[in-house]
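Reviewing the structure listed below.
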Number of protein chains: 2
Amino acid sequence: MQIDSTLTPFVPPVRTAMRLSRYFLPNLRETPKEAEIASHRLMLRAGLIRQQSAGIYSWLPLGLRVLNKITAIIREEQVRAGAQEILMPTIQPADLWRESGRYDAYGKEMLRIRDRHDREMLYGPTNEEMVTDIARAYVRSYKDLPLNLYHIQWKFRDEIRPRFGTMRSREFLMKDAYSFDIDAEEARHSYNRMFTAYLRTFSRLGLKAIPMQADTGPIGGDLSHEFIILASTGESEVFCHQDFLDFPIPAADTDFEDKEALQAIFDRWTSLYAATSEKHDPATFEAIAPAKQVSARGIEVGHIFYFGTKYSEPFGLSVAGSDGRDHLLHMGSYGIGPSRLVAALIEANHDEAGIIWPDPVAPFHVSLLNLKVGDEATDVAARRIETALTARGFDVLYDDRDERPGAKFATADLIGSPWQVLVGPKSLAEGKVEVKRRATGERELLSVEDAVERIAS
Amino acid sequence: MQIDSTLTPFVPPVRTAMRLSRYFLPNLRETPKEAEIASHRLMLRAGLIRQQSAGIYSWLPLGLRVLNKITAIIREEQVRAGAQEILMPTIQPADLWRESGRYDAYGKEMLRIRDRHDREMLYGPTNEEMVTDIARAYVRSYKDLPLNLYHIQWKFRDEIRPRFGTMRSREFLMKDAYSFDIDAEEARHSYNRMFTAYLRTFSRLGLKAIPMQADTGPIGGDLSHEFIILASTGESEVFCHQDFLDFPIPAADTDFEDKEALQAIFDRWTSLYAATSEKHDPATFEAIAPAKQVSARGIEVGHIFYFGTKYSEPFGLSVAGSDGRDHLLHMGSYGIGPSRLVAALIEANHDEAGIIWPDPVAPFHVSLLNLKVGDEATDVAARRIETALTARGFDVLYDDRDERPGAKFATADLIGSPWQVLVGPKSLAEGKVEVKRRATGERELLSVEDAVERIAS
């Protein structure tokens, strides 16, 4: 498969201009009591999600836009790394999980279902079994390898006490990729492809993610990394060398076929100390120069595993190699939770007034505030800006509601568009509009033309 | 909400070139025994889907591409008509369905689930209850109306005997939209918006769909149309006036705010006789001039309903009108099944050799066949064509496998790209490649440049 790296398998919403008077954006004035963490509070208040039952959410238009922008970036990087998209169903037969021995082992987190014919089914919490079954059906020889199949599908884990909104929900969206290789060495290359793709993915999402050695848990296997972002409200304690924060991200033109290049990326990104509290070794950490010791809170945003023949063996997934003999395939799996990422992004990017979206995932790039709707001058200027920015490819949310300026400021700060353009009669009398950068609060008075250029630059 | 109608909320895969030697396209040589209808056989043979259990399928890369192209067109037309996208979860609480009285009424088709705390849940077969609950939470006044929320989400109906592949599967994808209006007159306009959007949607998918009066079934209500396409392998008998087949489709610049214009579209498209066998009135049909009587097999591809206050009443969904009084909202729901449409499209477009995709939904526009891989001349010419067509925005599947020409012809015919370009050493010695139109079998010998122009024109 050859992919021009400038091309994308999916493109998120582009050049859409919305009028807030007609947009379904139900902001809440009060902070919902059940929300314990900032991202959960802000997602409810800003109208990104609505809880439908414990740990189960609807995504409202603003939230869905963020989710789609995240999955678009994930898709681009999966394809760049050589993975192919499929879509497995949510409901799986129990028998498939009996083959791996995980049906009984998985416990109460698995949502078990009996259909009308009393057949045992389940809502997939992950897809190792099903994808191994797919490979078993179709992969015939080493010539069909390497193979990496991913899908982006809703999963269900019946958490005993779901909390923290979409950070730890029961029904959640997951991108899970699965690699199949003829031997351990090739599987290592597949692992490095995803390792590199994840570095690029999180960076493009506006996050600094650090790979940390991890336990393999119920997935099994012997090589595994969690990708952790640092956020003061993070769920767990993490420890790492500060230099990680300045490591360069692999470039878009990285050759994913080049085994040595990818191994070098892996080696570099695992050359310094980084550990979650589970794997923490205080002695090694203390040996780092004190100025370089980072001890912080972290949020897991991705997890990758190499588990060899753990599934291919019980499933009898073997193919003829170039040596004419049968080989059990070596597998890995690679997960990112987009619905969790929405919450993680907010944990890492918010203030008292609301969300501060990184540009690549902002539901709207620009909140355009008409401070006196009905005034001909402000109406004309706002529409000109809306048209100009939309033509330049920006997603613009035009607040054309008949509301007082204070309410519009609060909405714009809450929903967190990176840019705000304020069109008021006073400034406009002098030919100016105000451009505000949400992250810094920095404001500039500019002409309409300069305001558009300022944002476009 | 203002949408430039040339813009799209989602864009399907663009300009991707795939090499078949690396593409996961598991074609089957034998016709699967369990498949009773052409689309099911072809979807299995061409590697679009794999059955995971009765009525539950995985979508393989080729099938997923078609599904994504279909949903992209549906999204564009939903947005054009003024609907806003949300995403509701698959798992719903039983209590919500007790409010409408449908929990007990729905019967065994509903997949009922108990979670670890023994709470009654279900896998949503449709979403009237949940979306009414969302509106109840947020819609406060007539100023928030009209509102149309749609989502594209997997549903589950536990069919007693699932068959016909994705035409009637248990886990299936559905686009379902829900409109909320202050009174019956406004709701009529919302109905007409979707009626018009559906005419445009099916036409853009390459289908001739005819709206037919329908029973409302378990959704309830008193105004309802099914959209039926004619296909000789259709599931049911339908009867209509032949003139429908030549009615013009509403244009892209149709003003969806114009109530009279939309009513005129509705009136025209319901002015002649059209009925499924359930609603068939032989006397009326016989009164049509014999030459204009169409009696054929049909496949339902969409279904729209106006059901007034059927759900707003039990849910207490009322808001203040401009008259200051409370009004129960009038609702409608509007469904299209993209996973079913893939099958319907194949039923309407295939021959003995395989699928014949209409251009707008073809997974690849062009199958590029290198008939002598390793020959420098054919390799160079094929790569030139691949590059040129990809740059022009076509999805190209380049068959670079080390296979005999006969196998490549069979694959190309089976997977049904609208165009085939055959690059063989003999023709190439005379500077020519062969361009074949899949639908007609028409072939032309052209220079490389002319071949690209022929396809692009």
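Naming: A, B, ... by sequence-line order, numbering from 1 per chain. Since the structure is predicted, the reported quantities are computational estimates derived from the model, not experimental observations.
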Decide side-chain contact (heavy atoms from CB on, under 4.5 Å) for B:Q52 and A:Q92; before the verdict, give the C-alpha distance in whole Å, the side-chain angles of both, and the deciding distance to 0.1 Å. CA-CA 7 Å; B:Q52 300 296 161; A:Q92 306 186 15; over 6 Å; no

Please report the closest heavy-atom contact between A:I91 and B:L111, naming both atoms and the distance. CD1-CD2, 4.5 Å

Plane angle bin for B:F24 and A:Y138 - parallel if under 30°, tilted between 30 and 60°, otherwise perpendicular: perpendicular

Can you tell which of A:L149, A:I49, A:V139 has the highest number of heavy-atom pairs within less than 4.5 Å of chain B? A:L149

Check: A:R22 main-chain N/O paired with B:Q84 side-chain donor or acceptor under 3.5 Å: yes

Which bit of B:R114 is near chain A, if near means a heavy-atom gap under 4.5 Å: side chain, backbone, both or neither? backbone

Side chain, backbone, both or neither: which part of A:Y398 has a non-hydrogen atom closer than 4.5 Å to chain B? neither

Should B:W59 and A:M88 be marked as a side-chain contact (heavy atoms from CB on, under 4.5 Å) after you check the CA-CA gap, both sets of side-chain angles, and the distance that decides it? CA-CA 6 Å; B:W59 292 79; A:M88 291 176 271; over 6 Å; no

Side chain, backbone, both or neither: which part of B:Y123 has a heavy atom under 4.5 Å from chain A? side chain

Indicate yes or no for a side-chain donor-acceptor contact from B:H151 to the backbone of A:S58 under 3.5 Å, with no hydrogens or angles considered. no

What part of B:T90 gets closer than 4.5 Å to chain A, counting heavy atoms only: side chain, backbone, both or neither? both

Taking B:D158 for the side chain and A:D115 for the main chain, is one N or O donor matched with an acceptor at less than 3.5 Å? no

Report the C-alpha distance between A:E159 and B:R116 in whole Å, list the side-chain angles of each, state the deciding distance to 0.1 Å, and finish with yes or no for side-chain contact (heavy atoms from CB on, under 4.5 Å). CA-CA 9 Å; A:E159 303 272 356; B:R116 69 188 294 164; 5.7 Å; no

Of A:E171, A:Q51, A:R170, which is the lone residue that meets side-chain contact (heavy atoms from CB on, under 4.5 Å) with B:P89? A:E171

Among B:P61, B:G47, B:P146, B:A54, single out the residue with the greatest number of heavy-atom pairs under 4.5 Å to chain A. B:P61

What residue in A:L62, A:L60, A:L145, A:D133 has the most heavy-atom pairs under 4.5 Å with chain B? A:D133

May I ask you to name which of A:I160, A:I113, A:L147, A:D400 has the most heavy-atom pairs under 4.5 Å with chain B? A:I160

Engaged part of B:I134 at the chain A interface, taking heavy atoms whose separation is under 4.5 Å: both

Chain B shares the most heavy-atom pairs under 4.5 Å, among A:L87, A:I86, A:L96, with A:L87

